[in-house]
Amino acid sequence: MDLVARIQAGDVDAFETLYRQHAARIYTLACRMAGSPDDGEDLLQEIFLQAYRKLGSFKGDSSVGTWLYRLALNHCLDYIRSRQAKMNKLTETLDTEHSFEPTARRDTPIARMDLERAVERLPEGCREAFVLHDVEGFDHKEVAGLLGIAEGTSKSQVFKARLKLRGYLRGK
Amino acid sequence: MHPNEDALNAFADGTLPAAEAADIERHVAACVSCRQTVDDLREMLRAASELELREPPVRAWSRIERAIRLEQQGGARSVLGDAADADARPKGSRSDSARPGVATAARSRAALIWLGAAATLVLATMVGLRYAPARQAASPPPLGATAQAPAGDAAQSVESELRQAEAHYENAIKGLEQIANAEQNALDPRTAATLQKNLAVIDQAISESRAAVRSQPASDPAQQSLIENFKTKIALLQDTVALINEMRKGNEAGAARIVSGLKEKSN
């Protein structure tokens with residue numbers, strides 16, 4: 001019996017095997033998309049719980065790894081959209097009268113951060129575009145579709161992210 | 001004239017048509033500023049392609065496994081979905097087969113403990129940890145809302161949210177502490193001492209940040225500090241529960257990884 005069939009039959013050990021095979025990739029994606037290891041860990045848990053619940057409907061049209069990756073990506077995107085909606089409400093008021101950078105960020109010694117840490121500090125929007133394009137390897141059309149933005153916006157967000165990262169890593 | 005950002009970006013990516021790429025190549029050869037930009041973009045691309053995978057914390061699987069068993073125990077959802085559940089197998093068969101290696105005689109007490117742990121962990125991670133102290137206290141009310149929403153309301157709202165978050169964290173911590181304390185004899189004395197030492201440090205930090213929040217309720221750094229300290233304590237208690245679980249399963253390698261992490265945190 002293959003791994004998926006064993007999981008569908010209720011074998012938690014088989015599900016653990018699936019977890020061991022794919023957890024690092026999913027966790028890495030979640031951390032980078034969310035910009036935080038704490039959120040990445042929560043997302044990892046939610047993604048695998050969702051996978052466990054949905055594996056019954058897995059038809060085998062793609063590999064289980066591909067299926068799991070798509071599930072994870074969609075879950076991360078849902079989370080980011082939800083978080084952005086909350087942030088937008090907040091920043092609308094900040095932008096109108098108090099456009100400023102938080103003091104704590106200005107004082108952070110970002111010159112010493114490695115790229116991974118620097119990615120976490122990217123603003124919402126350009127971080128996701130950067131991760132999807134430059135790290136995960138999607139083209140701009142795919143990134144635009146995933147994030148619900150125009151292709152040109154994807155390009156400008158990735159460019160913005162690269163320049164910001166350059167600044168972070170040089171300590172500007 | 002310098003190429004625009006999109007063109008430089010596409011040039012660095014290597015996605016420009018050949019003719020346009022040749023134009024930019026010539027410009028970049030003569031323009032220090034654009035050459036520097038392209039070099040930086042390429043360097044960033046190279047670095048991004050070399051980023052490595054990150055291993056999730058050891059406790060992550062324990063949390064997932066417990067949540068799955070909690071669901072199975074509750075029967076709320078199944079791996080097969082409701083439709084498949086109804087026609088694929090006799091009732092109860094999945095529940096039995098999905099708990100390999102768990103002896104029935106020893107199961108009841110342990111099951112209660114770990115089900116409690118799962119409930120607490122789900123609460124801690126899915127409700128509490130998502131709280132991020134808002135900056136509303138420092139921000140003005142929406143335009144046009146000044147007359148209806150005095151500044152004091154926003155501050156009160158933030159304080160109220162913070163109190164709710166504190167209550168979530170404290171509940172989660174209380175549940176985890178009960179489990180950890182009840183099962184602490186499963187740990188060797190040195191590990192238990194390390195845990196106690198770490199917990200004492202975190203408790204002190206929580207006391208200090210709580211005092212800071214009380215004296216400056218609108219201070220964002222004070223709120224952040226308090227929440228971060230709660231999260232640290234929950235993570236440590238989760239590690240403790242995961243460690244106990246690994247030791248009960250006889251997984252020495254898993255337990256060693258967790259102990260190693262605890263020692264690093266204490267240094």
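Throughout, a chain's letter reflects where its sequence line sits, starting with A, and its residues are numbered from 1.
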Toward chain B: residues of residues 133-147 of chain A with heavy atoms under 4.5 Å: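 When heavy atoms of chain B are the reference, residues 133-147 of chain A contributes A:H133, A:D134, A:V135, A:H140 within the under-4.5 Å range.
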Closest-packed option against chain A by number of heavy-atom pairs under 4.5 Å, given B:I68, B:N9, B:I64, B:L53: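 Option with the greatest count: B:N9.
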Step-by-step side chain to side chain contact (heavy atoms under 4.5 Å, CB included) determination, A:L122 to A:K160: CA-CA 10 Å; A:L122 285 172; A:K160 180 178 161 191; over 6 Å; no
Tell me whether [X] is salt-bridged to [Y], with the criterion being a basic N under 4.0 Å from an acidic carboxylate O.
X	Y	answer
A:E41	B:R63	yes
A:R20	B:E55	no
A:R6	A:D13	no
A:R32	A:E128	no

A:D42 and A:Y79: side chain donor to acceptor below 3.5 Å: no
Contact origin within B:D6 toward chain A - heavy atom pairs under 4.5 Å: side chain
Pairwise side-chain hydrogen bond (donor to acceptor under 3.5 Å, both in side chains) hits with a residue in residues 40-49 of chain B, at least two apart: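 The answer is A:R166-B:D40, A:R170-B:D40, B:Q36-B:D40, B:E43-B:R46, B:R46-B:E50.
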Part of A:Y19 lying under 4.5 Å from any heavy atom of chain B: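 The answer is the side chain of A:Y19.
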Interface moiety of A:F58 toward chain B, non-hydrogen atoms closer than 4.5 Å: neither
Steps toward side chain to side chain contact (heavy atoms under 4.5 Å, CB included) verdict (B:E5, A:S156): CA-CA 8 Å; B:E5 293 178 349; A:S156 62; 5.8 Å; no
